[in-house]
**Student:** 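My questions all concern the structure below.
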Amino acid sequence: MPSANTYERPRPVRESPPPRRRRRRKRRLNPRPFLLLLLLVLVIGGGLLVRRSLAPAADSIPVPDYVQQDLLTVNPYSRPGDELKSIRGVVIHYVGNPGTSAQANRNYFESLKDGTDGTYASSHFVVGLEGEVIQCVPLTEIAYASNSRNEDTVSIEVCHPDETGEFGPETYESVVRLTAWLCETFHLDPESDVIRHYDVTGKYCPRYYVENEDAWAALRSDVSDRIAQDEAAAS
């Protein structure tokens, strides 16, 4: 029997093993959504490339046979070559220089290319005193004609015989014909999408059709009638 002073060796304490950590399984991502997204990007990107490659060249939008193409040289002052991304209207102007021809006005725009006068001016089309039509700028590029509406409109400069600015009969007929074709081609409404330079900036251009609202209303009505005639002939 052990005495009171006998030292008992303490029993060793058995430590319990540390709890086993559960290995977290790495979550594998499902590759399908990423593959689908990649495929979608490739399809859209490829479509855009194809669409861009099929877009017409700068001067390749066909114009009617009565239009003579005499395109300006690409330059910073009258044909900058900037893309016309959308066409939402047609703007009618008058040249403000009585008795001058369509060719003379086209040549004036060309003369600006050197920048001597520091003038920026041009137009997509010029309609002459005998009804001739000259195209100066392609329909896929902007022209310097209509200020804030350069970005989304086609411009038509019109020659006139005298200071009143009224278009002569042959000129008027060609303006209506050309404007109707533009409205048909770009799906525009003559009553809302055919405007005057005056409607953009308040400038008296085209003068006669600013001072005579009835004449302006009649011109747009004649454009609508021409479109109806063209549609009837095509059906």
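Keep in mind that this is a model prediction, so the values were computed, not measured.
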**Student:** For a side-chain contact (heavy atoms from CB on, under 4.5 Å) check, start with the C-alpha distance between Val133 and Val126, then their side-chain angles and the critical distance, and finish with the verdict.
**Tutor:** CA-CA 6 Å; Val133 180; Val126 184; over 6 Å; no
**Student:** Between Ser86 and Asp152, do the side chains contain a donor N or O and an acceptor N or O under 3.5 Å apart?
**Tutor:** no
**Student:** Testing the 3.5 Å rule here: is there a donor-acceptor pair between the side chains of Thr164 and Asp162?
**Tutor:** yes
**Student:** Do Asp222 and Tyr172 have a side chain donor and acceptor closer than 3.5 Å?
**Tutor:** yes
**Student:** Quick test of your reading of the model: are Lys85 and Glu141 salt-bridged, counting only N-O distances below 4.0 Å?
**Tutor:** no
**Student:** Using the rule given for side-chain contact (heavy atoms from CB on, under 4.5 Å), can you reason through Arg106 versus Cys136, listing the C-alpha separation, both sets of side-chain angles and the distance that settles it, and then say yes or no?
**Tutor:** CA-CA 7 Å; Arg106 179 268 171 204; Cys136 305; 3.5 Å; yes
**Student:** I want to check something: taking the side chain as every heavy atom from C-beta on, are Ile61 and Thr140 in contact at a cut-off of under 4.5 Å?
**Tutor:** yes
**Student:** Give a yes or no on whether Phe186 atom CZ has more than 12 heavy-atom contacts from other residues, nucleotides or ligands under 6.0 Å away.
**Tutor:** yes
**Student:** Between Glu173 and Arg177, is the closest basic N to carboxylate O distance under 4.0 Å?
**Tutor:** no
**Student:** Considering residues, nucleotides and ligands other than Asp214, do more than 12 of their heavy atoms fall under 6.0 Å from its CG?
**Tutor:** no
**Student:** Is the closest side-chain donor-acceptor distance between Glu166 and Asn212 under 3.5 Å?
**Tutor:** no
**Student:** Checking Ser155 against Ser123: is there a side-chain donor and acceptor pair closer than 3.5 Å?
**Tutor:** yes
**Student:** If you count every heavy atom of other residues, nucleotides or ligands that lies below 6.0 Å from Glu184 atom CD, does the total exceed 12?
**Tutor:** yes
**Student:** Out of Ile87, Thr153, Leu139, which residue meets the side chain to side chain contact (heavy atoms under 4.5 Å, CB included) rule with Leu182?
**Tutor:** Leu139
**Student:** With no hydrogens and no angle check, just 3.5 Å: does a side-chain donor-acceptor pair link Gln103 and Asn107?
**Tutor:** yes
**Student:** Under 6.0 Å between ring centres: does that hold for Tyr94 and His160?
**Tutor:** yes
**Student:** Do the side-chain N and O atoms of Glu110 and Ser78 include a donor-acceptor pair separated by under 3.5 angstrom?
**Tutor:** no
**Student:** Would a line drawn from the ring center of Tyr209 to the ring center of Tyr198 be shorter than 6.0 Å?
**Tutor:** no
